[in-house]
Structures are given as C-alpha cells and as structure tokens.
A.B. asks: 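First the structure, then my questions, so here it is.
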Amino acid sequence: MTEEEKAWLFDGIEQLLSIYNRLNPIHDDGTFDATAVKQCIAEMTDCILQDKAESSVFAQWMTEQSDFMKSPASTHFHGNVEAGLAAHSLKVLHQALCFARPIMENFWQCKLKDCYTISAEDIFVSAIAHDFCKADTYRIEYRNQKDIFGNWKKVPNYKTRSDSRNLGHGNESVLRLLALMPSFIKKRHVIEAISRHMGFSDLSDSESYNYSNFLQNPLVILIQLADETAAQWYNL
C-alpha cells in the first residue's frame, strides 16, 4: 500500500469510530440500544460506501427486506436476543476498527506487504456482512420458565427454521453480499474475510487442505479476531 492509501485507510477508520463513539450504541457490559445500533449502521453505511447505488440497496436489505435488524445472532450463545445480529455485527466492526492499525502496521513489515490493499470500506463491509447468512434464519417459540418468585411465565426461545437453505456459514454470507453489491466480486480479499471468518470450524476437509493460505490475507485475520473477541469478551 502507498502512503496515500494508508492515510486513506486510517482516515476512514477514524470517521467510522467517530460515528460509533458519538452514538455509543453498545456498552462495555455487552448490553446495547437497538435504536442506536440501527442508526449507527445507517450513518456508517452512508459515510463509507463509495458506490451510492449499491449503498442504498445494502441499507434497504438490512432494514426493510430482511430481519437483519431484529434477528438474534444465535439461538443459545452470543447475542441470542432480539436485534442481537445487528449488535453483534456492529461490535465486530468496532473491534476490527480498533485492531486495524496495529495489525496492518505489523503486516506492513512482512514480505507480503505489497500483496494486499485494504480500505476502511473493506473492513466495514467484511464486518457488517460476515453473518448475513443468519438473517431470516431463526423463528421464535415460547417455553414455560419459572421466575425468581416461582411463578411460571412464557419466555421467548429462538430456533433455527427447518426450511432454511444454507450453503455454508461464510459462503452463504458472501452470496448474500454479492447479490446486494455485485462490485465486490472484484474484491477477493473481502470475500475471503467473510468466507473464512470462522476459521477451521466452518470448513470441509477439502477446504481445510489449503486453509493456511487464506491467513496471508490480513483482512481474514482482522475479521476472525474481531468476531471472536466480540462474542467471547462482550457476549455479542
């Protein structure tokens, strides 16, 4: 990356962090304001995506054409609450933005430094879209559970829909992204970051054969680290 490209990357990161810090959508204990999460993603989308036609389609899908903004991030684990998927995706982005400078500066010291050019737009899209496969995947059931006073109450319980069709966690998210933003077919490093964000846990035997090659891509490392820390440190 040229010095101009590096400056462009860090300027974009600061713009996104400024929006996040102003709205403060997610708290240190992992709780979040769903309205602020939605507003933060909307403002960041408008700020960082260069193709405004694709940006509009991207935003519309998240807010109107899918349940991305209302879906949980999982059924039993991190973010298993209403709007948990959007909050998880935003927290992954926040983690990635915080880690980006030290990771990229370290990467620029290695022999692969000229192989990848990363932008703030790439980080934003990779993080926000990494779990697009989960939208429209869950349904709500209710089960009986005693409260602290011993009274039975119906509480919501998320289940994976039996009619869902999924070509693999990361790959399904890639397909959904490319349907919304076709220009990203030219950004293989972003596709790899989304496809391989779960590391070895989402690979077939044949895919794992050359998995280490994907770790040469700093965006793959960045999104994996951001995803793990969002889930394990903040339960999102």
A.B. asks: Main chain of Gln224, side chain of Asp227: is a donor-acceptor contact present, judged purely on distance under 3.5 Å?
C.D. replies: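 Not at all, since once roles are kept as given, no pair shorter than 3.5 Å links the two residues.
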
A.B. asks: If a pair satisfies ring-ring contact (aromatic ring centres under 6.0 Å, His included) and one of its residues is in residues 9-48, list it, with sequence neighbours excluded.
C.D. replies: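 Listed by first then second residue: Phe10-Trp108, Tyr20-His94.
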
A.B. asks: Counting neighbours of NZ on Lys70 that are heavy atoms of other residues, nucleotides or ligands and sit closer than 6.0 Å, is the number greater than 12?
C.D. replies: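 Count not over threshold, so no.
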
A.B. asks: Would you find a donor on one side and an acceptor on the other, under 3.5 Å apart, between the side chain of Ser55 and the backbone of Asp51?
C.D. replies: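 Side chain of Ser55 to backbone of Asp51, a donor-acceptor pair under 3.5 Å: no, none is there.
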
A.B. asks: Can you pull the ring-ring contact (aromatic ring centres under 6.0 Å, His included) pairs that have at least one residue in residues 48-69, sequence neighbours excluded?
C.D. replies: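 Found Phe58-Phe132, Trp61-Phe132, Phe68-Phe132.
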
A.B. asks: Between Glu54 (side chain) and Ser183 (backbone), is there a donor-acceptor pair under 3.5 Å?
C.D. replies: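 It does hold such a pair.
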
A.B. asks: Run the side-chain donor-acceptor check on residues 37-50: report pairs under 3.5 Å with partners two or more places apart or on a different chain.
C.D. replies:
residue, atom, partner, partner atom, Å
Gln39, NE2, Glu43, OE2, 3.0
Glu43, OE1, Arg22, NH2, 2.4
Thr45, OG1, Ile41, O, 2.7
Gln50, NE2, Ile48, O, 3.1

A.B. asks: Heavy-atom count check: over 12 atoms from other residues, nucleotides or ligands less than 6.0 Å from Asn151 CG?
C.D. replies: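 Atom CG in Asn151 is packed in, count exceeds 12.
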
A.B. asks: Assess whether a salt bridge exists between Lys187 and Glu121, defined as any Lys/Arg side-chain N lying under 4.0 Å from an Asp/Glu carboxylate O.
C.D. replies: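 Counted as a salt bridge, because a side-chain N and a carboxylate O are separated by less than 4.0 Å.
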
A.B. asks: Between the side chains of Ser66 and Asp136, is a donor N or O closer than 3.5 angstrom to an acceptor N or O?
C.D. replies: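 No.
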
A.B. asks: Give a yes or no on whether Lys186 atom NZ has more than 12 heavy-atom contacts from other residues, nucleotides or ligands under 6.0 Å away.
C.D. replies: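 Not more than 12 within 6.0 Å, no.
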
A.B. asks: Do the side chains of Asn144 and Lys153 get nearer than 4.5 Å, heavy atoms only?
C.D. replies: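 No, too far: nothing below the 4.5 Å cut-off.
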
A.B. asks: Out of Arg188, Arg196, His189, which one pairs with Glu192 under the side chain to side chain donor-acceptor pair (under 3.5 Å) rule?
C.D. replies: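 By the side chain to side chain donor-acceptor pair (under 3.5 Å) criterion, Glu192 pairs with just one of Arg188, Arg196, His189: Arg188.
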
